[in-house]
Amino acid sequence: MQFAILGSVTVRFANGDPLAMMRPRQRSILCILLLNSDRRVSKKYLADALWGTDLPSDPGGALRSNLYGLRKATPIRRRLQTGRDGYALALHDEDVLDLHRFQSLAQQARAAQLSGDVDGAARLFQRALDTWGDPPLADIPATPIMQPVISELLEHRHAVQESLVDARLALGQHHELLPILMSLTTAQPLRERRWEQLILALYRCGRRAEALDTFTRARRLLAEDYGIDPGGPLQHLQRLVLAGDPTQSLALPVPPQRVHAGAVCEPPPQRHEVPRPPVGVPHQLPAEPRHFIGREAEVSVLADVADEMSPVGSSPVVSVVCGPPGVGKTAFALHFAHKIADRFPDGQLYIDLGAFSPATDSVSIQQAIRSVLTPLISLPEPDTMTPAAYANLYRTTLAQRQILILIDNAFDSAQVRPLIPASPQCMVIITSRRKLIGLVTSHGAHLTTLDVPSRAEANALLAGRLAAGDLDLEALSEVTEACARLPLALVIAATRAVARPMVPLRHLAEELRSEQNRLNVLCGGPAAGDIRAAFSWSYKHLTSAEARMFRVLGAHRIRDTTAADAGQLANVPALAAMQALTGLACVHLIREYAPKRYHFDDLVSTYAAEKAREEEDWLPDSTTPQRFR
């Protein structure tokens, strides 16, 4: 079968004969399934992607009805896998999807471009663009979930269009390109590369004055609409035109692109100095933690990830650091960011999204982008720009720059995506209590999950913060274990001990022996931190089913459990228990240490028991079966 989604959704037999027309909603469902081919799509995701906030009264029934009609209208029955948790469309080896063909041709074109075959690259870029229909992406619903998908696909199309123009300019086709480029700069006035290409074509046609006038128009547009100057490459091109290059050798740099493994043996990349915008170099990273100990293995792995940056890439390197509350994600990210900061001559940006913090609302995209760009460029009034316009301005400002971006305390993948630039020489480090699997799928993000440190590392962390002198090693170890080796708890305990220098450490160990009093002892106030508050910021984001399961496990003082056992305790089906446990594991309030086996860490369990006493009107009896403990 031949599937097309880059224009109107169509399905054809292998011989090219089209199938009968589908209804609009059926085309949209097929399009969403094809975009996620070979991946399971949950019913909730499919409904949200299809209808957005305008859900029908019975979205499940509406989905089933449309899928039934889709099965009748197209021969996809053998390809559509249906389950209780959602749907998956598994393409066969002989099936052809125009999106896959577009991506494959674009890869081949970039490989030809890198090998110096400009004519072959131009032909392949054109064939890639020929796979698109008109109007493009006509049947993808513009819902909040699908709008970023639409934008990303169109961005890939624009990038290939620009690469095709570069190749044709290199082949001396500037006369033929002039009317096309004039139209494109009118249609896409904020894409500076279009202006660069038009200026170069005008110059090569002997129309130097018009080339300079075109630069003036581009500069005026950017200044009036966004209050910014043209980027470095555009300004550099203007200077070359002013100088009147006598050899007519003015050329645009080939944009960096990633060639996937197996496409071509890449020659060693040549490093070229890229003119950069005349803005200040930001150094926004907070101070590195003074008493950082351990994490050598994780630092080594992340250093290897940073080494993946390449001038011939097409996207930045993205790394997600996740883990339970208080495990030291921010401290680890800052330690590593300072370690590699000198690799980024254009500076470092720091954005705290505040998703798991005392704030009632997390930081919006507008607020986040304004916070990092305000020192760099003049920004318009906050109410004059949409979130999409802010994201475009952010990407434009960071284009062709080597910047390290640390995004702290993120809630989910959707919150982070607008803050990931397009520059391949950038690295983005994100911390979150969630795993942000969506970024692994969409941006190839590397996932680093932090666990509590080893006993030796935890003891060293605590000892390093205590006053100098002979330490009671037995008491030190007892405090470390009472804090469950959680770095935040250890820091609070150390702060409490240092504040009372005349009180022996064993007294602190005695205070921490009582589980019911432990959270009160580990309350260091606003300056030192509060372990109870740290857990509460995750607890308030749980669904009602997840929160209840959390309280049930805490009330029964569970340490290890399975979904079946947890469901029995909570009086819910095993599947519902599995869903609740998965949600708790996603925010690291419980650990799945083996397939379908879960462990509750001591401090989190203590907090869960406290929430059960506060919010439940029952208490478990003392004969809870030992197998649940």
Side-chain angles (χ1 to χ4, degrees), residues 281-289 292 294-310 313-357 362-363 365 368-369 371-373 376 391 394-395 397-398 401-451 487 587-588:
V281 176
H283 297 282
Q284 299 177 3
L285 291 178
E288 182 179 5
F292 189 86
R295 307 291 191 198
E296 287 88 357
E298 292 89 344
V299 167
S300 176
V301 170
L302 211 54
D304 291 339
V305 174
D307 290 338
E308 294 177 7
M309 286 188 306
S310 168
S314 61
S315 58
V317 171
V318 180
S319 180
V320 176
V321 178
C322 62
V327 81
K329 297 179 292 295
T330 298
F332 169 76
L334 283 173
H335 171 74
F336 180 75
H338 280 280
K339 188 180 182 69
I340 64 169
D342 58 356
R343 297 193 192 184
F344 301 89
D346 295 317
Q348 313 93 40
L349 303 181
Y350 176 78
I351 304 171
D352 184 359
L353 293 177
F356 297 94
S357 68
S362 58
V363 176
I365 294 302
I369 292 177
S371 71
V372 294
L373 293 190
L376 305 181
Y394 175 80
R395 286 190 291 267
T397 305
L398 301 189
R401 298 178 68 82
Q402 294 176 261
I403 287 185
L404 175 64
I405 304 159
L406 175 53
I407 302 175
D408 200 12
N409 211 1
F411 181 72
D412 58 19
S413 300
Q415 188 186 29
V416 173
R417 283 194 184 98
L419 300 174
I420 298 179
S423 174
Q425 299 183 74
C426 289
M427 181 172 185
V428 185
I429 303 174
I430 304 153
T431 71
S432 177
R433 296 185 184 183
R434 296 172 175 264
K435 295 182 180 179
L436 305 191
I437 296 299
L439 292 181
V440 178
T441 302
S442 63
H443 287 78
H446 179 274
L447 191 63
T448 299
T449 301
L450 297 185
D451 202 349
V587 293
H588 295 93

Asks: Nearest 0.5 Å, please: how far is CD in E288 from NZ in K339?
Replies: 9.0 Å

Asks: Does any non-hydrogen side-chain atom of L398 lie less than 4.5 Å from one of L349?
Replies: yes

Asks: Please give me the minimum heavy-atom distance between P418 and R395, naming the atom from each residue.
Replies: O-NH1, 4.4 Å

Asks: Has Y394 got a side-chain atom pairing as donor or acceptor with L419's backbone, closer than 3.5 angstrom?
Replies: yes

Asks: Is a side-chain donor or acceptor of S423 paired with a backbone partner of R401 at a separation under 3.5 angstrom?
Replies: yes

Asks: CD1/I407 to OH/Y350 distance, rounded to the nearest 0.5 angstrom?
Replies: 11.0 Å

Asks: Do V428 and P421 come close enough that some side-chain heavy atom pair is under 4.5 Å?
Replies: yes

Asks: Do L439 and I420 come close enough that some side-chain heavy atom pair is under 4.5 Å?
Replies: yes

Asks: Return yes if some donor-acceptor pair links the side-chain N/O of Q348 with the main-chain N/O of L404 below 3.5 Å, else return no.
Replies: no

Asks: If every non-hydrogen atom of R295 is compared with every non-hydrogen atom of D451, which pair is closest and at what distance?
Replies: NH1-O, 2.7 Å

Asks: Measure the spacing between CD1 of I351 and CD1 of I369 and express it to the nearest 0.5 Å.
Replies: 7.5 Å

Asks: I need the L334 CG to D408 CG distance, nearest 0.5 Å.
Replies: 7.0 Å

Asks: Taking C-beta and beyond as the side chain, do V317 and D307 meet within less than 4.5 Å on heavy atoms?
Replies: no

Asks: Answer yes or no: is there a donor N or O on one side and an acceptor on the other, between the side chain of K329 and the main chain of G323, under 3.5 Å?
Replies: yes

Asks: What is the minimum heavy-atom distance between V327 and P487, and which atoms define it?
Replies: O-CG, 3.3 Å

Asks: Calculate, to the nearest 0.5 Å, the distance between atoms CG and CG belonging to D412 and L436 respectively.
Replies: 7.5 Å

Asks: Using the side-chain contact (heavy atoms from CB on, under 4.5 Å) rule, take V440 and K435 through it: C-alpha gap first, then chi angles, then the decisive distance, then the call.
Replies: CA-CA 9 Å; V440 178; K435 295 182 180 179; over 6 Å; no

Asks: Please list, chain by chain and in numerical order, all residues satisfying side chain to side chain contact (heavy atoms under 4.5 Å, CB included) with H446, sequence neighbours excluded.
Replies: V301, L302, V305, S319, T448

Asks: Working to the nearest 0.5 Å, report the span between CG of L406 and CE of M427.
Replies: 10.0 Å

Asks: Does a side-chain heavy-atom distance below 4.5 Å link R343 with Q402?
Replies: no

